[in-house]
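Working notes, beginning with the structure itself.
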Amino acid sequence: MPPDYREKTVRFGAASLFGILTEPPAGPPATGRAVILRNSGLLHRVGPSRLHVQVARRLAPHGFSALRFDFSGIGDSEARRDGLAFEQSAVLEVKDAMDYLASAKGVKEFTLWGLCSGADAAFLSAVADPRVTGVIQLDAWIYHTWRYKVRRYAPRLVNFKSWKNLLTGKTYVGPYLRRLARRRSTPETEPGNENLAVSHYARAFPPKAKVEEMLRTLLERRVRLLYLFSGGQAEHINYANQFWDCFSSLDAGALVTVKYDPTADHIFSGLAHQELVVASTVAWALASTTPVATKSLVTA
Amino acid sequence: MNPFFFGRSERPLFGIYHAPKPPERGTGVLICPPIGQEYMRTHRALRQLALQLTKVGFPVLRFDYSGVGDSSGLDTEASLDRWLDDTATAADELKDTAGVKRIALVGIRLGAALALRAAERRTDVDSVVLWDPVVRGGDYVGEMIRLNAPPGSALPPDDGRSPMGMAGFALTPALRRDLEQLDLAAAGPAHRPRLFLIVSEERAEYLRLRDGLAGLATPSTYQHIPAGGEWAAAERLGAALLPHAIIQGIVSDLS
């Protein structure tokens with residue numbers, strides 16, 4: 001039985017980027033919509049646990065096109081020669097991808113999909129380009145709330161043994177302080193180990209006010225957003241309603257869907273967690289063709 | 001670089017053909033990648049290897065097995081036989097595309113085991129490079145499953161029905177049984193091609209394979225080139241591997 005999608009290799013943009021376009025078996029959809037899957041860190045277009053491939057192929061039978069491609073210098077795309085920083089080139093290259101799909105396939109509306117650094121860049125690209133009408137972010141930027149802090153620190157504060165150990169000197173804090181200092185000074189590359197390459201993209205969280213402002217811009221444009229949060233960034237999120245508490249000043253309800261699964265790791269590597277991501281993406285894409293009536297909050 | 005889909009229409013495989021720089025050699029090189037997280041970690045390195053090989057005149061084909069990377073299929077449909085079939089399909093595609101009659105196979109990790117087994121079924125393979133090969137499939141399964149498991153935990157039992165997670169990829173009971181029967185050091189056919197065993201660290205299983213190969217009439221070499229494989233180290237899962245010395249070693253061996 002032939003696959004229920006069709007795929008072709010594509011090249012586009014000034015940097016001759018390489019990607020694979022997945023389409024419904026009958027050809028480009030008449031909806032004029034496409035999903036663009038962005039690299040996460042150094043991982044090539046296949047995505048962690050082959051997530052990008054799974055998402056693209058599960059969307060196709062429902063009438064969506066999906067493009068997974070490699071940014072310059074990643075996977076099978078050549079490195080740029082103009083010296084642009086990744087944060088700048090990534091936005092330009094997503095624009096290249098949208099320009100290609102618009103001219104070659106008549107796509108008018110785009111959804112950007114990304115995990116971690118890919119989520120950050122998808123968000124920034126959406127702010128920069130009005131053709132983006134949807135953003136799907138896995139482990140996106142999120143900020144501490146009072147409730148986050150209570151959940152994180154309260155168990156230690158009320159633990160009598162913790163206090164006793166600290167006060168009696170049984171808890172030696174030196175190693176913790178040293179570990180903290182080491183973490184702060186850890187370089188993004190690994191000098192002296194030429195056999196391992198790590199991403200030049202050091203993930204930085206912008207000030208919350210900046211993200212809130214950009215989010216407001218997207219909501220004013222009626223951009224729909226799907227947020228999937230894992231338990232893999234527990235240093236940033238630890239409860240299901242945190243997104244809504246964090247951005248409570250925004251009237252986001254009708255356009256934003258949030259899911260939080262504390263059992264998932266950062267790349268959603270568990271088989272059930274992969275299915276959660278793929279099924280959520282497909283369901284969200286299908287629902288995005290009709291107006292969303294109410295705030296959608298689901299806790300796995 | 002020429003990316004394309006090839007093979008059967010109901011099960012297309014993804015490949016990238018790298019044309020050689022002149023003067024061209026009469027032997028094509030097929031690169032057999034690992035699977036799972038190791039496939040992700042080595043992607044850039046195998047691209048570099050292909051580019052280096054083309055510079056010395058080899059036409060090169062990189063490809064993905066069914067259910068892996070950009071090829072069609074699901075990882076839940078995988079089997080060693082299917083991957084061997086894919087390897088044979090890719091080898092034939094390389095010969096057709098490059099117009100060569102002889103080939104060499106370069107395999108990494110499980111790809112090395114597949115390359116050797118595939119070569120044993122053919123008569124057009126001059127040499128096989130085994131880079132950090134999976135020697136005993138059972139050991140490999142244990143290492144990969146434990147990457148995501150709490151330290152010291154026992155391997156989950158095979159219930160004969162459900163796939164289990166193997167560092168982000170599905171391991172079906174059928175594939176697990178296939179792998180657990182794999183022992184590369186077990187004697188193969190007498191017409192094995194020339195073998196190059198290249199290892200990034202000296203492990204007992206590599207030495208056992210080396211000693212086993214030394215007893216064969218087929219010429220073989222063993223090289224230890226220290227480079228950061230650390231395949232069983234969970235903290236290395238997100239790090240791409242770019243072992244320049246091993247890449248140069250392989251190019252040198254095949255040249």
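Every chain is numbered from 1, with letters handed out A, B, ... down the list of sequences.
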Distance in Å, [X] [atom1] paired with [Y] [atom2], rounded so as to fall on 0.5 Å steps:
| X | Y | atom1 | atom2 | value |
| --- | --- | --- | --- | --- |
| A:H44 | B:M40 | NE2 | CE | 5.0 Å |
| A:R50 | B:D75 | CZ | CG | 6.5 Å |
| A:I20 | B:F14 | CD1 | CZ | 4.5 Å |
| A:S16 | B:M1 | OG | CE | 8.0 Å |
| B:D70 | A:E7 | CG | CD | 7.0 Å |

Top contributor to chain B interface from [options] [non-hydrogen pairs under 4.5 Å]:
| options | answer |
| --- | --- |
| A:G270, A:G75, A:A56 | A:G75 |
| A:H273, A:Q274, A:R68, A:R57 | A:R57 |
| A:P3, A:S49, A:A272 | A:S49 |

For B:H43, the option from A:L43, A:D76, A:I74 that meets side-chain contact (heavy atoms from CB on, under 4.5 Å): A:D76

Atom group of B:L74 that falls short of 4.5 Å from chain A, counting heavy atoms: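 Only the backbone of B:L74 comes within 4.5 Å of chain A.
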
Contacting region of B:F5 [heavy-atom separation from chain A under 4.5 Å]: side chain

Shortest non-hydrogen contact between A:F18 and B:P3, atoms and distance: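 Scanning both residues, the minimum pair turns out to be CE1-CG, 3.2 Å.
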
Contacting moiety of A:F268, where chain B heavy atoms sit under 4.5 Å: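 Contact with chain B is absent: no heavy atom of A:F268 under 4.5 Å.
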
Polar side-chain atom of A:S269 near backbone of B:G168 as donor-acceptor pair, under 3.5 Å: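 Not confirmed, A:S269 side chain does not pair with B:G168 backbone.
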
Chain A contacts, top residue of B:P12, B:S71, B:S9, B:A170 (heavy-atom pairs, under 4.5 Å):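 Looking at each option in turn, the highest pair count goes to B:S71.
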
